[in-house]
Visitor: 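If you scroll down you'll find the structure; I have some questions about it.
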Amino acid sequence: MESDMSEATIIDGKATAAGLRAWIGEQIEQLSVKNGVKPGLAVVLVGEDPASQVYVRSKRKTAIQLGMNSFEHTLPADTDQATVLALVQQLNRDPKVHGILVQLPLPAHLDDKPVILAIDPLKDVDGLHPENAGRLMAGETGMVSCTPLGCQLLLRQQLGDMTGKDAVVIGRSLLFGKPMAQLLLAENCTVTTAHSRTADLVGHCRRADILVAAVGRAEMVKADWVKPGAVVIDVGINRLPGDGGKDRLVGDVDFEAVSKVASAITPVPGGVGPMTIACLMFNALRAARLQSGLSDVELPTQF
Ligand code: NAP
């Protein structure tokens with residue numbers, strides 16, 4: 001049967017991430033040959049959270065595949081705050097380490113904030129240090145959180161110039177919502193940041209040319225929240241019970257229904273997710289260049 005509903009373009013984050021990784025691999029090769037620098041990424045994992053273990057393994061594998069040094073520090077779940085801080089200080093001093101990532105969340109007895117503050121801002125590849133957050137806001141060079149950076153790249157590829165577009169970001173976390181809003185502002189969008197206390201969330205979303213959802217609530221964004229022709233970026237990762245007792249991953253957007261209204265949409269999985277690790281590698285490359293006194297590099301749009 002013919003449908004009068006058009007289907008959105010599926011934004012292929014997996015393919016873009018593969019292109020970005022290949023480009024980073026070439027850059028690392030050149031850095032090693034021309035400058036004798038091998039980027040080093042240290043990942044600190046405290047405890048045995050299974051999801052964090054999967055992320056850390058995947059970061060390590062990608063770093064090694066791209067020709068970086070990978071340093072993994074796994075600490076027991078009952079590690080005290082002073083030990084984590086001492087490890088961060090040691091990594092700050094280590095010239096082979098250009099990027100430090102402390103896998104969050106930390107176990108409940110530890111406080112994230114002093115740990116983030118202890119990371120040298122030049123090595124802060126997650127862009128969480130207040131100095132980097134401030135630099136982003138001030139429009140100055142700094143480390144930018146990986147997932148929003150990945151979303152910016154997907155949007156640039158999809159839309160090119162974003163000047164004058166109405167952008168709505170649902171979520172205001174330090175890791176995603178706030179830096180995403182800053183990046184969209186830098187693209188000359190008119191940006192609204194929505195959150196759990198927003199009045200008339202649906203009304204705000206319906207005005208968006210670019211709608212970015214980073215909430216952590218399965219399929220919250222419905223088709224009638226979306227302006228026809230909008231570009232929808234789904235950052236959410238939610239697990240729902242699937243067939244055969246296996247979990248199924250879904251985003252914060254009702255993909256089936258919204259893809260009939262939007263002009264383009266990221267799927268979950270295969271949209272934003274793969275971009276995060278690729279952008280982490282990009283940040284590690286940048287950090288290595290800057291710490292070696294070399295010129296900065298821009299995130300490419302075409303590979
Ligand atoms: P977070 O720190 O929990 O923030 C969630 C945000 O959503 C908060 O700002 C919260 O508002 C807002 N929110 C909660 N319920 C809401 C509602 N009913 N209506 C409107 N806003 C609501 O989460 P996060 O770290 O930003 O991550 C968000 C999602 O993205 C999660 O599913 C996470 O797994 C995913 N994620 C994916 C990647 C990736 O690589 N693909 C990376 C990072 C995050 P308040 O501030 O008012 O509480």
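Keep in mind that this is a model prediction, so the values were computed, not measured. All residue numbers refer to positions in the sequence shown, counting from 1. Numbering of ligands and ligand atoms starts at 1, following listing order. Hydrogens, waters and symmetry mates are skipped; everything else that's a heavy atom, side chains included, is used.
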Visitor: Please report which non-hydrogen protein atom sits nearest to atom 43 (C) of ligand 1, along with the residue it belongs to and the distance in Å to one decimal place.
Guide: Thr147 OG1, 4.0 Å

Visitor: If you count heavy atoms of other groups shown closer than 6.0 angstrom to NZ of Lys222, is the number above 12?
Guide: yes

Visitor: Mark up the atoms of ligand 1 that fall under 4.0 Å of a heavy atom belonging to Thr276, in ascending order.
Guide: 39 (C), 40 (O)

Visitor: May I ask you to decide if Leu91's main-chain N or O and Lys123's side chain share a donor-acceptor pair within less than 3.5 Å?
Guide: yes

Visitor: If the contact criterion is a heavy-atom separation under 4.0 Å, does Ala214 count as touching ligand 1?
Guide: yes

Visitor: Using heavy-atom distances, let me know which of Gly171, Ser196, Pro274, Gly216 sits nearest atom 47 (O) of ligand 1.
Guide: Ser196

Visitor: Can you confirm, on distance only, whether ligand 1 has an N/O atom lying under 3.5 Å from any N/O atom belonging to Phe176?
Guide: no

Visitor: Answer with side chain, backbone, both or neither: which part of Thr198 has a heavy atom less than 4.0 angstrom from an atom of ligand 1?
Guide: neither

Visitor: Any idea which atoms of ligand 1 are less than 4.0 Å away from a heavy-atom of Leu201?
Guide: 19 (N), 20 (C)

Visitor: Identify, for atom 37 (C) of ligand 1, the protein heavy atom at the shortest distance, and state residue, atom and that distance.
Guide: Val235 O, 3.1 Å

Visitor: For Met162, is there any backbone N or O sitting under 3.5 Å from a side-chain donor or acceptor partner on Asn188?
Guide: no

Visitor: Looking at Asp111, is its backbone amide N or carbonyl O close enough to the side chain of Gln81 to form a donor-acceptor pair, meaning the two atoms are under 3.5 Å apart?
Guide: yes

Visitor: Under 4.0 Å between a Lys/Arg side-chain N and an Asp/Glu carboxylate O for Lys227 and Asp209?
Guide: yes

Visitor: Could you check Leu155, Ile265, Val231 and say which one makes a side chain to side chain contact (heavy atoms under 4.5 Å, CB included) with Ile11?
Guide: Val231

Visitor: Would you tell me which option among Met180, His204, Lys178, Arg217 has the nearest heavy-atom contact to atom 18 (N) of ligand 1?
Guide: Arg217

Visitor: Is there at least one pair of N or O atoms, one from Arg197 and one from ligand 1, spaced under 3.5 Å apart?
Guide: no

Visitor: May I ask you to list the atoms of ligand 1 that are less than 4.0 angstrom from any heavy atom of Ile170?
Guide: 20 (C), 21 (N)

Visitor: What do you reckon, does Ser173 have a nitrogen or oxygen under 3.5 Å from a nitrogen or oxygen of ligand 1?
Guide: yes

Visitor: Relative to atom 21 (N) of ligand 1, which among His195, Met275, Arg172 owns the nearest non-hydrogen atom?
Guide: His195

Visitor: Roughly how far apart are Asp126 CG and Cys146 SG, rounded to 0.5 Å?
Guide: 5.0 Å

Visitor: Could you check whether Thr141 and Arg135, counting side-chain N and O atoms only, form a donor-acceptor pair closer than 3.5 Å?
Guide: no

Visitor: Is there a donor-acceptor contact under 3.5 Å linking the side chains of Ser70 and Arg60?
Guide: yes

Visitor: Which option out of Val215, Ile237, Thr266 puts a heavy atom nearest to atom 23 (O) of ligand 1?
Guide: Val215

Visitor: Quick one: does Gly273 get within less than 4.0 Å of ligand 1, heavy atoms only?
Guide: yes

Visitor: Whether Lys165 and Glu187 form a salt bridge (side-chain N of Lys/Arg under 4.0 Å from carboxylate O of Asp/Glu) is what I want to check.
Guide: no

